[in-house]
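Notes for the one structure printed next.
All chains are named by letter (A, B, ...) in the order of the sequence lines, taking the proteins before the strands, and each is independently numbered beginning at 1. Worth saying up front: this structure is predicted, and the values here are computed from it rather than measured.
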Amino acid sequence: MSSRPPPADSHEQILAVVRRIPYGRVASYGQVADRAGLPRRARLVGHVLRCAPAASALPWHRVVNAQGRISLAPGSDAYREQRERLEGEGVVFIRGRIDLARYGWQTSLDPLLWAEP
DNA sequence: GCCCTGACGTGAA
DNA sequence: ATTCACGCCAGGG
């Protein structure tokens, strides 16, 4: 058996994880890779997303880098589209950054976990 | 085949 | 906060 999943499977795994990111939340490339069973393959996630058609139903915009910043050239069309999609879901940008403690997927400050009665 | 680049991450200085 | 180095590896030239 292979110690590593074949490329095709890796792509499917990554896409599957991205599809699971909830509305209004964001996940980092590393987090997606991790949950896809591909630790330290953050760059592969970026590559897969780049190859993925923008017209697909994939919520690619919910994937940002570990600093809560959009990893696309600031000012580019792609950058604007990702930011607009996220803001449309209620995600707030502060000086170009997203507070991962609040909008990150499955973080300790998840409002659902700390919700008061 | 080799070399460089890149939608990244982490840790150290 | 910023810079540097290293790990990882698919594609393109």
Side-chain angles (χ1 to χ4, degrees):
Chain A
M1 54 195 262
S2 56
S3 56
R4 256 174 239 211
D9 276 3
S10 299
H11 287 210
E12 279 307 309
Q13 286 284 44
I14 289 169
L15 293 176
V17 171
V18 173
R19 274 189 279 263
R20 288 176 48 196
I21 304 174
Y23 180 98
R25 294 302 209 63
V26 295
S28 73
Y29 294 89
Q31 190 175 15
V32 170
D34 215 12
R35 288 185 69 84
L38 303 163
R40 297 187 181 171
R41 299 263 205 119
R43 298 186 96 140
L44 180 59
V45 174
H47 205 80
V48 170
L49 291 185
R50 200 173 118 58
C51 293
S56 69
L58 192 75
W60 57 270
H61 55 282
R62 293 179 194 149
V63 184
V64 297
N65 65 30
Q67 300 170 25
R69 295 176 140 290
I70 288 175
S71 277
L72 291 170
S76 65
D77 287 349
Y79 181 98
R80 268 198 308 284
E81 183 174 357
Q82 181 168 11
R83 178 158 176 163
E84 282 172 14
R85 285 201 191 198
L86 288 173
E87 291 180 325
E89 296 186 355
V91 175
V92 176
F93 282 76
I94 298 178
R95 288 194 305 283
R97 295 180 51 185
I98 298 169
D99 183 354
L100 295 182
R102 293 200 325 187
Y103 300 101
W105 187 23
Q106 296 180 342
T107 57
S108 56
L109 291 186
D110 188 327
L112 293 180
L113 297 178
W114 289 87
E116 294 184 29

Review point. Can you tell me if Arg19(A) uses its side chain to pair, donor with acceptor, with the backbone of Pro59(A) under 3.5 Å?
Key: no
Check your understanding: When the nearest nucleotide of DNA chain C is assigned to His11(A) and to Arg43(A) on a heavy-atom basis, which residue is associated with the more 5' position?
Key -> Arg43(A)
Point to revise | 5'-most by nearest nucleotide on DNA chain C - Cys51(A) or Pro39(A) | key: Pro39(A)
Practice item. For dC6(C) and dA7(B), measure between their P atoms and round to the nearest Å. Key: 22 Å
Exercise for review: For residues Tyr103(A) and Val92(A), report the shortest heavy-atom separation together with the two atoms involved.
Suggested key: OH-CG2, 3.3 Å
Check your understanding: Just wondering, do Arg62(A) and Trp105(A) contact through their side chains at under 4.5 Å, heavy atoms?
Key -> no
Practice item. May I ask you to list the residues of residues 73-95 of chain A, by number, that have any heavy atom positioned under 4.0 Å from an atom of DNA chain B? Key: none
Practice item. Taking the side chain as every heavy atom from C-beta outward, state whether Leu38(A) and Val45(A) have any atom pair closer than 4.5 Å. Key: no
Revision key, fill the gap. Nt span of DNA chain B in reach of chain A heavy atoms at under 4.0 Å, 5' end first, is dG6(B) to dT10(B)
Check your understanding: Between Glu89(A), Gln82(A), Arg83(A), which is the residue that forms a side-chain hydrogen bond (donor to acceptor under 3.5 Å, both in side chains) with His61(A)?
Key -> Glu89(A)
Check your understanding: Is there side-chain contact between Ser28(A) and Leu100(A), with heavy atoms separated by less than 4.5 Å?
Key -> no
Check your understanding: Any donor and acceptor pair, going by atom type alone, linking the side chain of Asn65(A) with main-chain N or O of Gly68(A) inside 3.5 Å?
Key -> yes
